[in-house]
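The sequence lines fix the lettering, A, B, ..., with proteins before strands; numbering per chain opens at 1. Worth knowing before you read on, the calculation uses all heavy atoms, side chains too, and leaves out hydrogens, waters and symmetry mates.
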Amino acid sequence: MEMAKVIVDVPSKDTDRPFDYLVPASLRPWIEVGSRVGVPFGHRTLQGFVVSLHPRPEMDTSKMKPIQEVLDVLPPLSRELVQLGEWMKERYACRQITALQSMLPTALKGKAERYISLPERSDTPDETEGLFSLQPESEEEERILGFVGQRGEVTIQQLSRAFPDQADVIKTLLARGMLSEHQQIKDKLQKKTMKAVELAVEKAAAEAALGDFPAKAQRQREVLSYLLEIEPLLPISQKELLQTLGVTAGTVKALADKGLIAIKDVEVFRDPYRGRHFKPSEPLVLTEEQQRVYDKIVHKLDERQHGVFLLHGVTGSGKTEIYLQTIQRCLQQERQAIVLVPEISLTPQMVERFKARFGDRVAVMHSRLSDGERYDEWRKIREGRASVVVGARSAVFAPFDRLGLIIMDEEHETSYKQEETPKYHARDVAIHRAALSGAAVILGSATPSLESYHAARSQAQDDFAPVLLEMHSRALGNRLPEVRVVDMREQLREGNRSMFSIPLHEAIAARLERGEQTVLLLNRRGYSTFVMCRSCGYVAGCPECDISLTYHQKSNNLRCHYCGYAAPSPDVCPDCGSEHIRYFGTGTQRVEEELAKLFPGIRVIRMDVDTTTEKGSHEKLLQQFRDKKADVLLGTQMVAKGLDFPDVTLVGVITADSALNLPDFRAAEKTFQLLTQVAGRAGRHQLPGEVVIQSYTPEHYSIIHASGHDYLSFVKDELKHRKALHYPPYCRLILVTLSHEQLPLLVRTAENYAAMVKKEADRRGWFGSLDRFAADALDILGPVASPIPRLKNRYRFQCMIKWRGTMDAVSLTRDAAEQLQESVRDSGLAISIDVDPQMLM
DNA sequence: AGCACGCCGACT
DNA sequence: GTCGGCGTGCTC
């Protein structure tokens with residue numbers, strides 16, 4: 001019989017490998033590489049993915065179990081995606097099942113459902129027959145058997161709801177073979193859930209139970225008294241409970257079996273969405289510059305070979321039209337295309353441009369879709385009803401079978417890096433996926449990441465290094481806007497203490513007079529609105545995460561934006577009792593207030609996390625601005641992205657350098673990118689544009705070069721710094737974060753870890769300063785406390801590994817982590833590995 | 001991750 | 001002796 005290798009849905013070290021199963025002849029026609037199957041695993045049935053098929057296995061098949069069921073008519077993964085999963089496992093040090101699961105909509109994360117039924121009559125007597133009675137021995141048993149017999153098949157949940165406190169009787173019936181159980185995978189077509197725990201009995205009853213608990217059940221007692229003590233109004237997360245009390249899931253389950261507590265699946269969140277209609281559009285005539293770029297890409301498409309292009313084009317140079325026309329070519333070849341855009345710019349206007357050109361053949365994947373809607377879009381792709389997908393990061397896994405082109409717009413955006421496991425970068429995944437299917441990749445940006453630009457310029461004999469394509473002029477022939485940098489220190493010296501400099505003030509006034517519009521950007525990165533006491537310096541912080549709480553005006557409370565902790569905003573200082581406690585930071589509200597003071601009657605639309613949380617509010621605000629219902633659009637980063645309004649002739653940046661001093665080696669790059677993006681918002685049409693940038697460090701090269709629209713000079717300066725300090729693109733990084741509840745143990749363990757990595761690298765002759773001219777080099781920095789030193793009651797330490805060369809540094813760090821996990825018996829230790837991290841703070 | 005197995009300390 | 005909690009190890 002044929003056999004299949006299957007990756008099962010258990011994300012742990014021991015099970016992170018294929019398991020062998022027999023392929024029953026009856027299922028054979030439905031099983032391919034990439035099929036989702038239900039397989040017996042230990043005492044349960046699990047979901048798994050077929051990663052290979054073997055017609056005539058040479059190994060011993062006697063111990064193998066057969067695949068139990070096939071879950072889909074069309075395999076949800078292609079051979080190529082399965083291969084991509086293997087690559088991700090090595091590249092990002094994640095579990096293979098985690099990589100595969102991340103490619104699919106959550107609707108396809110099936111879980112076994114346990115069904116109870118009456119056993120089939122068999123002629124051959126069961127061996128248990130002599131030992132047990134096959135007749136019901138009590139009225140209770142009779143009632144249960146009757147209930148099951150009447151329905152034919154029931155779930156455990158139904159049965160235990162109908163017969164509460166009869167778990168033991170049911171178990172006995174199962175053991176005697178009078179009831180039989182089978183498991184089947186059921187798709188989770190609903191929302192995201194987590195296991196949560198709550199008391200199942202009245203408080204008094206629980207306290208009573210606590211009293212006459214067996215002395216032995218110490219752990220259970222702890223759990224129960226903890227629940228009584230904190231008295232949660234809602235079920236609390238099982239995971240957190242286990243971490244807090246240092247108990248195992250078994251203990252919690254024992255309590256649940258006793259009926260004292262209940263374990264439930266609780267919905268985490270959900271949000272709906274609605275579609276729209278689109279006017280058709282025709283291809284535009286390309287400029288000479290666009291045509292040259294187009295020809296190069298199409299040449300590669302026609303070869304049907306893997307190729308990567310870095311399309312560097314100034315804002316307004318018409319990159320989108322290049323995307324549209326290359327996609328058209330790709331479709332003519334009967335191949336399919338993926339368009340990746342940053343989550344934040346995946347607006348209806350953006351989608352409209354693609355739908356207008358390609359109609360129904362466009363599927364859209366964005367994070368605001370509900371699981372059900374996302375599943376529908378996914379099926380549209382899988383079943384061949386769509387041949388173009390426009391989507392955020394995860395759309396790179398769209399289940400096309402004849403992929404010809406992957407486009408990544410705003411290639412430099414950090415949101416292409418997934419911050420949860422698997423911590424992949426969509427750019428790298430895109431390039432590797434394209435290599436597997438002979439597709440072309442276009443990375444487009446006005447401000448390419450230094451990694452991509454450096455790779456393109458150095459043109460190593462690496463297949464994956466992009467070919468550089470440049471567009472220097474705007475498609476409509478208009479000029480880039482004038483940029484004026486205002487030195488805010490000088491303003492202060494001249495006695496202007498307002499957050500608006502005189503030039504910006506005058507420029508806004510002029511726009512108001514002429515009936516033109518203004519976009520104001522508040523670079524809030526690096527600022528937060530925290531609460532501080534001006535008498536004693538007390539700052540309200542999160543009790544579990546050691547970071548300051550953020551003030552939210554709408555709800556007048558303080559929140560931790562890492563763990564979600566919320567507390568009412570204090571009226572008096574909790575430390576010294578002073579009333580001089582207030583919130584600090586340059587919030588958009590404050591700018592709005594000041595604008596109203598300076599320009600009475602000014603109409604402002606404010607766009608920030610507070611005003612755009614509601615579904616659709618983002619688009620609504622932009623539409624109002626487009627309809628000229630306001631003079632000023634004021635916002636954070638989100639106003640810098642891809643917006644295109646004809647009457648905007650002024651862009652003001654309130655503080656350009658607020659992010660420059662952050663402990664992040666990409667601070668200058670991010671500042672330059674943001675300023676360049678936002679400057680590109682002005683004067684895109686007939687009216688000439690003006691940009692005013694306010695800065696406290698106007699001499700900084702990122703600000704000087706942004707004001708001169710001079711990407712090349714910026715790159716030159718920035719690369720000098722990167723080279724001197726050994727940062728990407730001159731080396732690669734791996735960030736290893738260790739966390740534990742106990743600080744001393746954590747520190748010891750982290751030091752151990754660094755020593756282990758050092759020792760192993762040394763053994764291979766890699767370890768040492770990157771200053772040396774060795775081809776293979778590795779340095780490890782730390783351990784040091786993480787930028788977030790404590791999160792959800794766990795201390796965090798990190799090591800930064802810098803490396804270059806052809807070595808496998810990822811497996812080195814991963815192996816060391818696993819070795820360490822084994823040596824520290826305490827399971828409370830968590831180690832996270834982030835390959836090529838984006839967020840360093 | 002779950003679930004059975006088996007060790008070992010508190011009860012009849 | 002035996003019941004049951006809780007750590008250990010395995011899953012094709």
Return the value, rounded to whole Å, for the distance between atom [atom1] of [X] and atom [atom2] of [N].
X      : N     : atom1 : atom2 : result
A:K111 : B:dA1 : NZ    : P     : 14 Å
A:I7   : B:dA1 : CD1   : P     : 16 Å
A:Q47  : B:dA1 : CD    : C1'   : 14 Å
A:L242 : B:dA1 : CG    : P     : 10 Å
A:R219 : B:dG9 : CZ    : P     : 16 Å
A:L174 : B:dA4 : CG    : P     : 12 Å
A:L260 : C:dG5 : CG    : C1'   : 15 Å
A:K253 : C:dG7 : NZ    : P     : 16 Å

*Identify whether NZ of Lys or CZ of Arg in A:R143 sits under 6.0 Å from the centre of the six-membered ring of A:F147 and within 45° of that ring's axis.*
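A:R143 over A:F147 ring: no.
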*A:R790 charged N/C atom sitting above A:Y795 aromatic ring, 6.0 Å / 45°*: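 Yes.
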_Contacts of type side-chain hydrogen bond (donor to acceptor under 3.5 Å, both in side chains), residue A:S78, not counting sequence neighbours_ =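 A:S78 satisfies side-chain hydrogen bond (donor to acceptor under 3.5 Å, both in side chains) with no other residue.
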*Decide whether A:Q418 and A:Y424 meet the rule of one side-chain donor and one side-chain acceptor closer than 3.5 Å.*
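Their side chains do contain a donor-acceptor pair, which is all the 3.5 Å distance test asks for.
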*Taking atom types as modelled, find out whether A:T248 and A:K253 have a side-chain donor-acceptor pair closer than 3.5 angstrom.*
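No.
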*Under 4.0 Å from any atom of DNA chain C, heavy atoms only: list the residues of residues 85-97 of chain A that qualify, in numerical order.*
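Residues of residues 85-97 of chain A under 4.0 Å from DNA chain C: none.
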*asked:* Under the salt bridge (Lys or Arg N to Asp or Glu O under 4.0 Å) test against A:D187, which residue among A:K109, A:R36, A:K111 passes?
replied: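 That would be A:R36; it is the only one of A:K109, A:R36, A:K111 passing the salt bridge (Lys or Arg N to Asp or Glu O under 4.0 Å) with A:D187.
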*Report the distance from atom CZ of A:R796 to atom CG of A:L743, rounding to the nearest 0.5 Å.*
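Here the interatomic distance stands at 13.0 Å.
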*asked:* Could you tell me if the side chain of A:L46 sits less than 4.5 Å from the side chain of A:R44, heavy atoms only?
replied: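 A:R44 reaches A:L46 side chain to side chain.
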*Is the shortest heavy-atom distance from the side chain of A:Y92 to the side chain of A:V810 under 4.5 Å?*
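They are not in side-chain contact.
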_By the 4.0 Å heavy-atom rule, please label A:K258 as base, sugar-phosphate, or nothing._
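It contacts sugar-phosphate atoms only.
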Using a cut-off of under 3.5 Å, enumerate the N/O to N/O pairs linking the protein to nucleotides 9-11 of chain C.
unit_1	atom_1	unit_2	atom_2	d
C:dT11	O3'	A:G42	N	2.9

